[in-house]
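Heads up: the structure comes next, in structure tokens.
Letters go in sequence order (proteins before strands), and every chain restarts at 1.
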Amino acid sequence: MTIIDPEIAKEPAEFKAPPTEFGEYNFPSRDHISLYGEDQLLHILWRGNIFIVCAGCFRVPRAMKWADFVAGVLTPWASADPDFDVSRVANWKKDDTAFEPKDDDTIEGLGIEHKGVISFELP
Amino acid sequence: MAKKASMRERYAQMTRGLEWEPTYVSQKEVFPHTDFEGIKIHDWDAWEDPFRLTVEAYHKYQSEKDKRLYAVIDSFAQGSGHLQVTDARYFNAVRMFLQGVTPLEYQAYRNFGYLARHLNGAGARIACLYQCIDELRHNQTQTHAVSQFNKYYDHLQDANVMHDRVWYLSVPKSFFDDGVSAGPFEFMLAISFSFEYFLTNLLFVPFMSGASFNGDLSTMTFGFSAQSDESRHMTLGLEVIKFILEQDEDNVPIIQDWVDKWFWRGYRLLTIVALMQDYFLPRKGMSWKESFELYLEQQMLEGLFPDLEYYGIRPPRHVDQAIVEKEYLSHQAHWIFYQFAFAGAYNTTVPFEDEQEWFSKQYPETWDKYYAPAYAKAKEMQNEGKRFFNAGLPMLCQVCQIPMGFTEVGDPGTQAIRFSHYEGERYNTCSDGCKWIFDREPWKYRQAWLPVHQIYQGNCGGATVPEVLEWYGINTSENGEYFDTSDAKNWAQWHEPANVS
């Protein structure tokens, strides 16, 4: 049976202003980057490997060098899966966009946003 | 001598008959909260009371039920009934219920108390008053039904503290926080309709029949005792939506929006039930998939929604995705719980062989291909003395707060990530449903208390996992791998054959 017309499902939400009768309903983010000092949050996803069930979340210095990030953050996390092999890591993406980080790049220099997602594969 | 009033007359006199029209102040001053959401009610007296109870009759019925319930709880406890359950792994189901659901009863009690004061109509207020007392009673009776296990099994202490602090419990907590911080009509739609009417069978029936099937008479009897209350709540839920829809045509699109939002919120919350039902019940009854087909697809989509179509309400947005996910939801949930068990007030282990055969039969499209290989690898690691745990903290959905282990719909091998930007900041969501909910009210969800982000801000007891677990109130020698816990060791010892030589 057809549950729902696919065209209706795609219909965009109507945005409404927050109610103002009792004041403005608007609260600050609990995760704004300013709450993390010189650091930021970022997520790493091992694409196509559901053994590690979801992306990991990490707090890292924005000035951290890519090489240090791979050695000190990514590798210990991904090594929970015994099939991980850092020498085979390839096909980096920032969300859906491919990118090629170099060892000396920093997290900030690579344009990885606060709470952004970077991902890799082991082809 | 005056004739004794009939039940119906007594109800009319003792509930609506006590209502009066304010003359010193306006209706708006007495009931300031019932128009800002845009819902228009023209005639509060059109509210039909499904149960027509007086306060006196209500208390008489409830106290009778309590007497019977406590008699069973006492006799079960005195007979060391806990030794009769199928396996100590079963208590993970009880933990989920006590930590995740029982505190929600308390939240519901608080907000129905608010509604019992703030709705304009006497009929609606009295219905909410009874539900308010019911919810408090459920919180208490659930606590009592389960408390006898506390001295034998771990993680049954401090459920309220855990509910406020522990990562996976932020899933049910944030669901209700979302409801109680909405207006009165949205709360009623969220809780009375979506939760109590639309989804409650998927919550209560699996837990209670699971308890019965696994020998836990105490929890099962609580379920029976609550059942007549739940059916009253379900009837109220249906009355709520029909009443609002009949009052004004302008209410229809607002209600549709809430049906869409609260279906997906509730469905994501039930992920915990799917997990419990398929994995934490050693003796299996109905699978999550079968329950979903019976209670959601048949009873709700084929039974309820054709009726609501008359009012211009269509089935909830994204329900088509939920239907596809029935093939793997419980497996994705348990795989999350399996690898993060080092940080929870529960324990997990690789499903036993007979369970795996059952999964293979119940979920032929997904089990053998995706989950059997994962557990086989985990088992191999465990045999080598390296029990598999995730080595980090999970990415969380900004709306449902579940670790982002969900996948693209129909493709269990590809993790799904959605995100939105609001006022320059990025927010991640797990699915089209949660993203749609975020985008409707980004100003609301950006204040979400996401456990992982709070840990990284240093707000959860410290910078290391042991410090956080201490702040959670979790005994770290009792979580993680089931076979390393004293639950497993005690259970084996308690069930050793008596030495009669």
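- For a residue to count as touching a neighbouring chain, one of its non-hydrogen atoms must lie under 4.5 Å from one of that chain's; by this rule A:Leu41 touches chain B with the side chain only.
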- Evaluate the side-chain contact (heavy atoms from CB on, under 4.5 Å) criterion for residues B:Glu423 and A:Ser29: first the C-alpha distance (whole Å), next the side-chain angles of each, then the deciding distance (0.1 Å), finally the verdict. CA-CA 10 Å; B:Glu423 293 188 351; A:Ser29 158; over 6 Å; no
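- Contacts between B:Pro373 and chain A at a heavy-atom distance below 4.5 Å are absent for every atom of the residue.
- In this structure the side chain of A:Val117 never reaches within 4.5 angstrom of the side chain of B:Phe419, judged on heavy atoms.
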- Message: Using side-chain contact (heavy atoms from CB on, under 4.5 Å), reason through B:His453 and A:Lys115 one step at a time and then give a plain yes or no.
- Response: CA-CA 10 Å; B:His453 299 180; A:Lys115 295 185 269 175; 3.8 Å; yes
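- Listed by first then second residue, pairs satisfying ring pair (Phe, Tyr, Trp, His ring centres under 6.0 Å) with a partner in residues 93-119 of chain A read A:Tyr36-A:His114, not counting sequence neighbours.
- At a heavy-atom separation below 4.5 angstrom, chain A is approached by B:Glu425, B:Arg426, B:Tyr427, B:Asn428 within residues 424-431 of chain B.
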- Query: Can you check side-chain contact (heavy atoms from CB on, under 4.5 Å) on A:Arg30 and B:Gln454, steps first, answer last?
  - Reply: CA-CA 8 Å; A:Arg30 271 214 171 84; B:Gln454 292 300 318; 3.7 Å; yes
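- The distance from atom CD1 of A:Ile50 to atom OH of B:Tyr328, rounded to the nearest 0.5 Å, is 11.0 Å.
- Atom CD of B:Gln299 has more than 12 neighbouring heavy atoms from other residues, nucleotides or ligands inside a 6.0 Å radius.
- Around the CD atom of B:Glu384, the shell of radius 6.0 Å holds more than 12 heavy atoms that belong to other residues, nucleotides or ligands.
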- Task: Give the C-alpha distance, both sets of side-chain angles, the deciding distance and a yes or no for ring-ring contact (aromatic ring centres under 6.0 Å, His included) between B:Tyr456 and A:Phe58.
- Result: CA-CA 8 Å; B:Tyr456 281 132; A:Phe58 297 91; 7.2 Å; no
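- Taken from CD1 in B:Ile417 to CG in A:Leu45, the straight-line distance is 5.0 Å, to the nearest 0.5 Å.
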- salt bridge (charged side-chain N to carboxylate O under 4.0 Å, His left out) assessment of B:Lys377 paired with A:Asp83: CA-CA 10 Å; B:Lys377 186 162 152 182; A:Asp83 296 332; 2.6 Å; yes
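- Contacts between A:Asp39 and chain B at a heavy-atom distance below 4.5 Å are absent for every atom of the residue.
- Interface remark: B:Phe340 contributes side-chain atoms only to the contact with chain A (heavy atom separation under 4.5 Å).
- The minimum heavy-atom distance between A:Pro76 and B:Ala391, with the atom names listed, is O-CB, 3.6 Å.
- Among B:Ile455, B:Asp35, B:Thr414, B:Leu393, the residue with the largest count of heavy-atom pairs under 4.5 Å with chain A is B:Leu393.
- The distance from atom OH of B:Tyr375 to atom CZ of A:Phe51, rounded to the nearest 0.5 Å, is 10.0 Å.
- Proximity to chain B (any heavy atom under 4.5 Å) is shown, for A:Ile44, by neither the backbone nor the side chain.
- Heavy atoms of B:Gln457 lying under 4.5 Å from chain A belong to its backbone as well as its side chain.
- Closest non-hydrogen pair, B:Met381 versus A:Ala80, comes out as CE-O, 3.6 Å.
- With a 4.5 angstrom heavy-atom cutoff, B:Tyr371 touches chain A only via side-chain atoms.
- Neither the backbone nor the side chain of B:Lys386 comes within contact range of chain A, judged by heavy atoms closer than 4.5 Å.
- For the residue pair A:Cys54 and B:Gly405, the shortest heavy atom distance occurs at CB-N, 3.7 Å.
- One distance of note links CG of A:Asp81 with CD of B:Gln339; it measures 9.5 Å at 0.5 Å rounding.
- Separating the CH2 atom in A:Trp46 from the CD atom in B:Gln415 is a distance of 11.0 Å, to the nearest 0.5 Å.
- Contact of the A:His43 side chain with the B:Met404 side chain is not registered, since no non-hydrogen atoms from C-beta on lie closer than 4.5 Å.
- A distance-only check finds no donor-acceptor pair linking the side chain of B:Trp335 to the backbone of A:Val53 [under 3.5 Å].
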